Structure formats: structure tokens, C-alpha cells
2 protein chains.
Amino acid sequence: MLLRVDTTDAVPVYAQIVEQVKRAVAAGVLDAGDALPSLREMAMKLRINPLTVGRAYKQLEQEGLIETRHGLGSFVAGSAKSPAREFGRDAIARGIDRVLVDAMDLGVGFDEVREVFEERLRAAPQSLRGQAAGGDEVRDEDR
Amino acid sequence: MLLRVDTTDAVPVYAQIVEQVKRAVAAGVLDAGDALPSLREMAMKLRINPLTVGRAYKQLEQEGLIETRHGLGSFVAGSAKSPAREFGRDAIARGIDRVLVDAMDLGVGFDEVREVFEERLRAAPQSLRGQAAGGDEVRDEDR
DNA sequence: CATACTGTTATATATCACTATAACAGTTGA
DNA sequence: TCAACTGTTATAGTGATATATAACAGTATG
């Protein structure tokens with residue numbers, strides 16, 4: 001489970017956590033029953049306040065994605081798996097649609113969009129590493 | 001000049017305005033010398049506070065994209081054209097990078113991303129029209 | 001039972017975005 | 001000059017986010 005948080009982003013930190021936990025479940029990085037990092041642990045690694053993590057978990061629970069038990073921790077819900085499978089391809093499609101809408105707004109032709117797409121794809125292995133920087137990052141391998 | 005604003009979005013309203021004015025300039029919808037809607041006019045149409053529009057214009061002026069004159073209004077700067085040209089392709093590249101990062105997070109292979117990309121590109125003419133809905137909208141034809 | 005983890009709650013503080021209201025100042029044209 | 005537009009500034013209030021600090025409560029294990 002890998003988490004990045006950017007406190008300078010307009011998107012609230014707790015919302016960033018919610019989004020990324022959803023992704024982790026969708027990607028299969030987190031399976032049903034898996035424990036999430038404790039409030040204090042994640043807060044320490046991300047260098048944010050535990051209450052902020054708690055708020056993210058609270059929302060995830062309200063959405064039924066995780067179950068949280070006092071004194072035990074928070075766990076990926078059993079029912080979280082099924083809707084998550086389609087999430088990946090759908091999320092990509094939504095992202096691409098957003099780019100295409102942008103292209104229309106900007107008066108950039110689709111041919112040029114494809115050009116840029118292939119260009120970024122070629123550059124991906126390098127540029128993506130650069131992109132990861134900036135936010136605080138946590139690699140969670142030791143659970 | 002068409003503006004959409006969503007007050008429920010995490011992105012501040014003033015930032016949304018800044019972004020969309022940049023797009024309008026980049027797309028050629030606004031040319032150098034063109035007048036922007038007055039603070040009060042745009043505020044009324046978008047149903048937001050004039051100060052919020054003022055904040056957006058202030059930032060646009062600091063970035064050199066517009067020039068604002070007391071008692072007259074705000075106008076697209078003459079020098080705004082050249083940097084705006086790159087804005088389009090850059091914005092597209094940024095959007096694509098975001099999609100590629102998402103793909104990595106979701107465990108979706110780049111080949112599949114390309115597949116989805118071509119698929120959405122083919123579907124674009126229809127699907128893009130539906131996307132424009134949502135948020136308050138202002139079409140500004142009477143200036 | 002004591003310890004050490006869990007989540008939960010309360011209080012206070014700070015910052016940012018947005019609003020409401022109001023007044024002030026520059027520009028233009030009747 | 002006066003009216004009707006422009007942008008500008010000041011003040012105050014609201015809500016959301018995040019912080020620091022602290023205490024409280026459930027669970028498991030030695």
C-alpha cells in the first residue's frame with residue numbers, strides 16, 4: 001500500500017486518502033479483510049494529524065468500503081471487492097474523457113492529442129518517477 | 001466566452017475562473033485586447049461574489065495574462081498570445097500524465113491504456129456533448 | 001491486572017475560501 | 001456636472017480543513 005499526500009493541493013488531504021484507498025482496493029493492492037494502517041501510524045508516516053486520517057477512514061466506512069472496529073483497527077470490507085474490479089478501466093476512461101474535453105476547450109485537435117499521448121507514454125518510465133516527488137510519500141510494506 | 005463554475009468542487013472558484021480564462025485565451029475564444037466581463041457582471045451571472053471574480057482577475061493580471069484598468073475594465077494582454085499557445089499542449093500533456101499515474105496506481109497496463117484511449121477517441125464526438133452539463137453555466141455572447 | 005496497542009471524542013487555534021455590506025476612486029458620455 | 005458604469009479597498013462573519021493537545025474507551029496479550 002503506497003500513499004502520497006500533497007498538503008498544498010486544493011483537494012483536502014482526507015479526500016486524497018479516501019481516493020487512494022479506493023484505488024488500492026480497485027488495484028487489488030488491498031484485499032477484503034486486509035488491515036489498513038492505524039490512524040497514528042499513517043498520520044506519522046504522512047506527517048499529518050491523526051484526526052485527518054480518522055476523518056478519511058470515517059468517510060470510507062460510511063461508503064461501505066471499509067469496516068472499522070474500536071480497539072482493533074480498520075479493515076477492507078468483504079463487499080468492497082466486486083464493484084472495485086471495473087473501477088480501474090472506468091477510471092482510466094474517465095481521465096481520458098477529461099483530457100479530450102480539455103482538448104476541445106483548448107482548440108487542440110485530436111491528432112495532436114494522440115501525438116502528445118504517445119510522446120508522454122514513451123517518456124513515462126522516467127517522467128512518472130519525477131511526478132511522484134513533491135508530496136509526502138509512504139511505502140507500506142511491513143504489515 | 002463560456003464559463004462554468006462549480007461551488008461544490010474542492011478547487012476554489014477563483015481558481016476555476018483563472019483556469020477557464022487561460023483556456024479561452026489559448027483556444028482563441030479571447031483575443032488580445034478583448035474585454036472580460038466586469039466583476040459585477042460575471043459575479044451576477046455565475047451567482048457568486050464580485051470579490052471572488054476580482055481575486056481571479058488579480059491573479060490573472062499578476063501572471064501577465066490580462067491587464068486591468070481602474071474604471072475601464074479588464075482586457076486580454078497583448079503579450080498573452082505567445083505564452084498561451086504553449087498552454088494548450090502543456091495542459092493536454094499534464095492531463096495525460098495524470099492518467100498514466102492513475103494507470104500505474106490501478107495496476108492497468110499501458111497497452112490497455114492505449115486501448116481505452118483509442119476507444120474513447122472514437123466515441124468522442126458523441127460522449128463529449130453530454131459531459132458539458134453540471135455546474136452553473138454562463139454563455140457570454142453580448143459584449 | 002497491566003501494558004500497549006487500537007479508535008473516539010473534546011477543546012482550542014489557525015488558515016483559507018467565500019460571502020455580505022459598504023464605501024471609495026477612476027472613466028466615460030449625456 | 002451628473003449619472004452610470006468600471007475596479008479597489010475595508011470590515012466582518014461563516015464554514016471547511018487541518019493542527020496541537022489531551023483525555024477516554026475498546027481489544028488483545030503477557
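The shown structure was predicted, so the numbers you read here are calculated from the model rather than taken from an experiment. In the text below, chain A, chain B and the rest are named by the order of the sequence lines, each starting its count at 1.
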Output yes when at least one side-chain N/O atom of [X] is less than 4.0 Å from OP1 or OP2 of [N], else no.
X: Thr68(B); N: dG7(D); answer: no
X: Thr52(A); N: dT19(D); answer: yes
X: Tyr14(B); N: dA17(C); answer: yes
X: Arg69(B); N: dT6(D); answer: no
X: Ser38(A); N: dC5(C); answer: no

For Pro12(A) and Pro50(A), find the nucleotide of DNA chain D closest to each by heavy atoms; which residue's nucleotide sits nearer the 5' end?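 Nearest-nucleotide comparison on DNA chain D picks Pro12(A).
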Taking the nucleotide of DNA chain D with the closest heavy atom to each, which residue, Gly54(B) or Val11(A), is nearer the 5' end?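 First, find each residue's nearest nucleotide; the 5'-ward one identifies Gly54(B).
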Just the rounded figure in Å: distance from [atom2] of [N] to [atom1] of [X].
X: Glu41(A); N: dT6(C); atom1: CD; atom2: P; answer: 7 Å
X: Met42(B); N: dT19(C); atom1: CE; atom2: C1'; answer: 18 Å
X: Gln59(A); N: dA16(D); atom1: CD; atom2: P; answer: 14 Å
X: Leu39(B); N: dC18(C); atom1: CG; atom2: P; answer: 15 Å
X: Asp6(A); N: dT17(D); atom1: CG; atom2: C1'; answer: 15 Å
X: Lys58(B); N: dT8(D); atom1: NZ; atom2: C1'; answer: 9 Å
X: Arg55(A); N: dT19(D); atom1: CZ; atom2: P; answer: 12 Å
X: Met44(A); N: dT21(D); atom1: CE; atom2: P; answer: 16 Å

Does a side-chain heavy-atom distance below 4.5 Å link Arg4(B) with Gln16(B)?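 Not touching, per the 4.5 Å side-chain cut-off.
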Measure the shortest side-chain to side-chain distance between Tyr57(A) and Leu39(A) over non-hydrogen atoms and say whether it is less than 4.5 angstrom.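 Tyr57(A) reaches Leu39(A) side chain to side chain.
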In Å and rounded to the nearest 0.5 Å, what is the CG to CZ distance from Asp90(A) to Arg94(A)?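 Asp90(A) atom CG to Arg94(A) atom CZ measures 6.0 Å (nearest 0.5 Å).
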Identify whether the distance between the nearest side-chain nitrogen and carboxylate oxygen of Glu41(A) and Lys45(A) falls below 4.0 Å.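 Between Lys45(A) and Glu41(A) there is a salt bridge, with a charged N closer than 4.0 Å to a carboxylate O.
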Using a strict cut-off of less than 4.0 Å between a Lys/Arg side-chain nitrogen and an Asp/Glu carboxylate oxygen, indicate whether Arg89(B) and Glu119(A) qualify as a salt bridge.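 Looking at Arg89(B) and Glu119(A), the cut-off is met.
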Could you check whether the side chain of Asn49(A) and the base of dA18(D) have a donor-acceptor pair of N or O atoms closer than 3.5 Å, going by distance alone?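 In this structure, the two groups form no donor-acceptor pair.
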Distance to the ring centre below 6.0 angstrom and angle to the axis at most 45 degrees; does that hold for Arg114(B) and Phe117(A)?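 That pair does not qualify as a cation-pi contact.
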Counting primed atoms, P, OP1 and OP2 as sugar-phosphate and everything else as base, the B/S/- map of nucleotides 22-30 of chain C against protein heavy atoms under 4.0 Å is -B-BBSS--
Can you give the donor-acceptor pairs under 3.5 Å from side chains of residues 60-67 of chain A to other protein atoms, not counting sequence neighbours?
unit_1: Glu61(A); atom_1: OE2; unit_2: Thr68(A); atom_2: N; d: 3.2
unit_1: Glu63(A); atom_1: OE1; unit_2: Lys22(A); atom_2: NZ; d: 2.9
unit_1: Glu63(A); atom_1: OE2; unit_2: Gln59(A); atom_2: NE2; d: 3.1

